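This report concerns only the one structure given below.
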Protein chains: 2
Amino acid sequence: MSRKPMVRPGGRSARVQQSVHAAVRELETEVGRDALTVPLVAARAGVTPSTIYRRWGDLQELMSDVAVERLRPELPPEDLGGLAADLTAWAEHFLEEMSSSAGRAYIRDALLGDPDGTNAGQCSAYAAEQIETILSRAAARGEQAPAVERVVDRVVAPMMYRILFRPGTETLDAGYAARLVESLLATPGS
Amino acid sequence: MSRKPMVRPGGRSARVQQSVHAAVRELETEVGRDALTVPLVAARAGVTPSTIYRRWGDLQELMSDVAVERLRPELPPEDLGGLAADLTAWAEHFLEEMSSSAGRAYIRDALLGDPDGTNAGQCSAYAAEQIETILSRAAARGEQAPAVERVVDRVVAPMMYRILFRPGTETLDAGYAARLVESLLATPGS
DNA sequence: CCACTAACGCAAACAGTTAGCTTTTATTGG
DNA sequence: CCAATAAAAGCTAACTGTTTGCGTTAGTGG
């Protein structure tokens, strides 16, 4: 979903893509992320290495594609009946997922093999969608809600920054996420 | 400065490190980032490839080391006589440097070949140092200054998030940096 | 000044990558 | 529905980057 024109999405191409993605996920749990190679994935997927090289370019771009799939939220955020509760719960959940070693690995992979930034943009879009849902609900209730951009700047960005640039910092608990949301909602204006 | 114990920092080891780093910088301008390979760098540096593989592991970790060096600020932030002016000027400068294509490439490299997060932490520390200097000056003047952590969360993190996750977004100008600082200083409390 | 050992050079074996060509198979138009 | 077309995959061989064992060099500490 990043480099290939995908001009022929049906039939065999689709099957190959699915089997290759499946092979990556399987092998990742069996032999570990670092032991993955293109020939290994190709063998498991039942294709030749050159097929993978031609469609994805290299292992990093393939891993980036798979990582983005894994970072896609599968459920809409929970509705707890209020903006503060919804946002806090979502932020805590987001932080817990992303700051785990698995989550961090996926974020790294997504950023890594992403020359044009398409996959990174997709990750950001996922978070924005979830937030949008929460804010729309709040507006429907008549609550005064901030803009999505503000939530991203004040809640998502600080968490991501700490995950990426300050590993080992132990302040990455639910309390931190809650404080970010609280601080955001305390100043309705700018 | 990331993986090697550097138990023997003097003499030959230091010379090799310098010539390898210099070779990377030279070749980067000559043939471009994407054309760099370990054997190429080794030849330019006058060492054998195995030396690089043993000390750095792979090309990514080497590039990460070099990138961190380039991201180190060479000057302390300018003193304009006031906290708001100092922070705004610094944030604008920071954003301009980091959002350039060269800056983004260095950030990516620094994050990329960094298994334990040491280099990423170093980047974060550089920014924190600069901010610390500005805040200390403000305190010396008797101005009320926020904590470094707050500046990182409210100013640095949002800029970095947009650089990494939202490429192509056109709101990465000086005005954005200024607004972040303004918003931060508008709420002295939390 | 000598013993010790980390780090480097060298070279061969290994593994991942690239490229040319052939074959298969969606797709498109008659 | 069938033929023509071209995209995508298979195959294989050449290529290039990576790993590893061993001998040598040169800092380090006694």
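Everything quoted here is computed from the prediction, not taken from an experiment. Convention: sequence-line order gives letters A, B, ...; per-chain numbering from 1.
- With rounding to whole Å, B:Q18 atom CD is found 13 Å from C:dC8 atom P.
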Steps toward salt bridge (charged side-chain N to carboxylate O under 4.0 Å, His left out) verdict (B:R154, A:D153): CA-CA 7 Å; B:R154 296 280 297 261; A:D153 282 350; over 6 Å; no
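- We find that CH2 of A:W56 is positioned 8 Å from P of D:dA9, with the value rounded to whole Å.
- Per the geometry, CZ belonging to B:R54 stands 18 Å off P belonging to C:dT5, to the nearest Å.
- Nearest to the side-chain atoms of A:S13 among the listed nucleotides C:dG16, D:dA8, C:dC8 stands D:dA8.
- Of all nucleotides listed (D:dG10, C:dA7, D:dA8), C:dA7 comes nearest to the side chain of B:R55.
- Protein atom CE of A:M63 is 15 Å distant from nucleotide atom P of C:dG16, rounded to whole Å.
- In summary, the side chains of B:T48 and B:T51 do present a donor paired with an acceptor at a separation below 3.5 Å, with no hydrogens or angles considered.
- For the pair A:L40 CG and C:dG16 P, the interatomic distance rounds to 8 Å; values are reported in whole Å.
- Judged by closest nucleotide on DNA chain D, B:L59 is the one of B:R15 and B:L59 placed further toward the 5' end.
- Salt bridge B:D86/B:R141: present, at least one basic N to carboxylate O contact under 4.0 Å.
- Mapping A:T51 and B:D58 onto DNA chain D via the closest heavy atom, the residue that lands nearer the 5' end is A:T51.
- When the shell of 6.0 Å around CD of B:E143 is examined, it contains more than 12 heavy atoms from other residues, nucleotides or ligands.
- One interatomic measurement links the two molecules: CD1 of B:I52 to P of C:dC10, which rounds to 14 Å at whole-angstrom precision.
- Taking 3.5 Å as the limit, the base of C:dC8 and the side chain of B:S50 contain no donor-acceptor pair of atoms between them.
- Closest-nucleotide positions on DNA chain C for B:V16 and A:V38 were compared, and the one nearer the 5' end corresponds to B:V16.
- A 6.0 Å sphere centred on CD of A:E26 holds more than 12 heavy atoms belonging to other residues, nucleotides or ligands.
- One interatomic measurement links the two molecules: CZ of A:R12 to C1' of D:dG10, which rounds to 8 Å at whole-angstrom precision.
- Proximity of A:T37 to the phosphate of C:dG16: a side-chain N or O atom is located under 4.0 Å from OP1 or OP2.
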